[in-house]
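Down below is the structure, laid out as structure tokens.
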Amino acid sequence: MSRFNRPLARWAIAASLTLTGCAGAVRDQIYKANEAQIDIAQWTHVRPQALPVRTADGLALTGYYWPGDPMDRDVILFFHGRGSNQGVAARYAEHLTGRGDHVIVVSYRGFGGNPGSPTQAGLMRDGRAYIEQARRLVGSNARIFLVGHSLGGAVALHVAATVPVAGVVTLSTFDKLAESAPGGVSALLPDKWNNLDAATKIKAPLVMFYGTADDRVDMGQATALFAAAGHPADWLIAPGAGHNPDMATLGPLVSEAIEAVDDDALDSYPASLPAGWEVRRK
């Protein structure tokens, strides 16, 4: 059995068994969305611009944006994980700024003061809305890169399976959510987040980061996701790293990955690795 987020598995199973048919109760545990408003100044050193976005189903969301070099066509969209918010995402994403790329923090429905309630279909709509906004900001020739942590990696993978992008980077992302609920209970989960299926549909390069001490996503899941990915794909393994990303270390590697995709040079990425790290490629 996959071990993505064991507390989530326990809550999802209990909710499914006692509240069969009440998808909202199960989704509360899948997403752990906090509706509290975000003061972005508390999360960032260089305050980003507020970025309003309207989704295809009419929701008004607020994300954030750090403009890059006006001549740079690369736009990085950062997707946060379960129980997180756009403030945490901005704290992570700020480590991707300052290298010329435009950086956008994606903000989901039901999180951080946004209207609506999260669902798999809804979060995918949100991601696509931010891609459309990125193209309005930077131009129709913008090169869109999706970077997602944990559940955010799932959103990035599923969005990239439906919309052309230049590349995808996942940080500590699971293989299939339904695997956390054994037996027939998995059939009751309203949102499956089958990342193995999404990975087979992505035409863009994929770079994956995992830590060997991740207590939520094990290396078996990483192996399965890497096997499902197309070509090219790189898998970077950080010894002793946990589930939450150390973006001071990962930020430069993510930015280098984007440059390598631009240069069609993933076969020689990265130029160097921290001591003890490993890279696998296909």
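Positions are given from 1, in the same order as the sequence printed here.
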Query - Validation row, ring centre Y108 to ring centre H80 under 6.0 Å - result: yes

Query raised in the report: How many angstroms lie between atom OG1 of T55 and atom CD of Q133, to the nearest 0.5 angstrom?
Result: 12.0 Å

Query raised in the report: Are H158 and N195 close enough, and set up right, to give a side-chain hydrogen bond (donor to acceptor under 3.5 Å, both in side chains), and what steps lead you there?
Result: CA-CA 7 Å; H158 281 261; N195 296 330; 3.3 Å; yes

Query raised in the report: When rounded to the nearest 0.5 angstrom, what distance separates CD1 in I258 from CG in D263?
Result: 12.0 Å

Donor-acceptor pairs under 3.5 Å, side chain of residues 67-79 to any protein atom, not counting sequence neighbours: which ones?
| from | atom 1 | to | atom 2 | distance (Å) |
| --- | --- | --- | --- | --- |
| D69 | OD1 | M71 | N | 2.8 |
| D72 | OD1 | D74 | N | 2.8 |
| R73 | NH1 | V138 | O | 2.4 |
| R73 | NH1 | N141 | OD1 | 3.2 |
| R73 | NH2 | P70 | O | 2.8 |

Query - Sequence neighbours excluded - salt bridge (Lys or Arg N to Asp or Glu O under 4.0 Å) pairs with any residue from residues 83-102 - result: none

**Report entry** Spacing of N114 atom CG and R109 atom CZ [to the nearest 0.5 Å]
**Finding:** 9.5 Å

Requested in this report: Report the distance from atom CD1 of I131 to atom CD1 of I144, rounding to the nearest 0.5 Å.
Outcome: 6.5 Å

**Report entry** Heavy-atom donor-acceptor pair, Q221 side chain to D175 backbone, under 3.5 Å
**Finding:** yes

Query - Donor-acceptor contact present, side-chain T212 to main-chain G240, <3.5 Å - result: yes

Query raised in the report: Judged by atom type as modelled, is there a donor-acceptor pair below 3.5 Å linking the side chain of R47 to the main-chain atoms of I40?
Result: no

Query - Inter-residue atom distance D191.CG - Q120.CD, 0.5 Å rounding - result: 5.0 Å

**Report entry** Any pair counted as ring-ring contact (aromatic ring centres under 6.0 Å, His included), so long as it reaches residues 114-146, sequence neighbours left out
**Finding:** none

**Report entry** Heavy-atom side-chain contact between N244 and Y92 under 4.5 Å
**Finding:** yes

Enumerate donor-acceptor pairs with a distance under 3.5 Å from any side-chain N or O in residues 223-236 to protein atoms, sequence neighbours excluded.
| from | atom 1 | to | atom 2 | distance (Å) |
| --- | --- | --- | --- | --- |
| T223 | OG1 | M219 | O | 2.8 |
| D234 | OD1 | R281 | NH1 | 3.4 |
| D234 | OD2 | R281 | NH1 | 3.0 |

Report task. Could you tell me the separation between the CG atom of L171 and the CG atom of L253, rounded to the nearest 0.5 Å? Result -> 10.5 Å

Show me the donor-acceptor pairs, under 3.5 Å and distance only, between side chains in residues 203-210 and residues at least two apart or in other chains.
| from | atom 1 | to | atom 2 | distance (Å) |
| --- | --- | --- | --- | --- |
| Y210 | OH | T173 | O | 2.4 |

**Report entry** K201: salt bridge (Lys or Arg N to Asp or Glu O under 4.0 Å) partners, not counting sequence neighbours
**Finding:** D197

Requested in this report: Mind running side-chain hydrogen bond (donor to acceptor under 3.5 Å, both in side chains) on R216 and S150 for me, showing each step along the way?
Outcome: CA-CA 9 Å; R216 300 186 184 185; S150 193; 5.8 Å; no

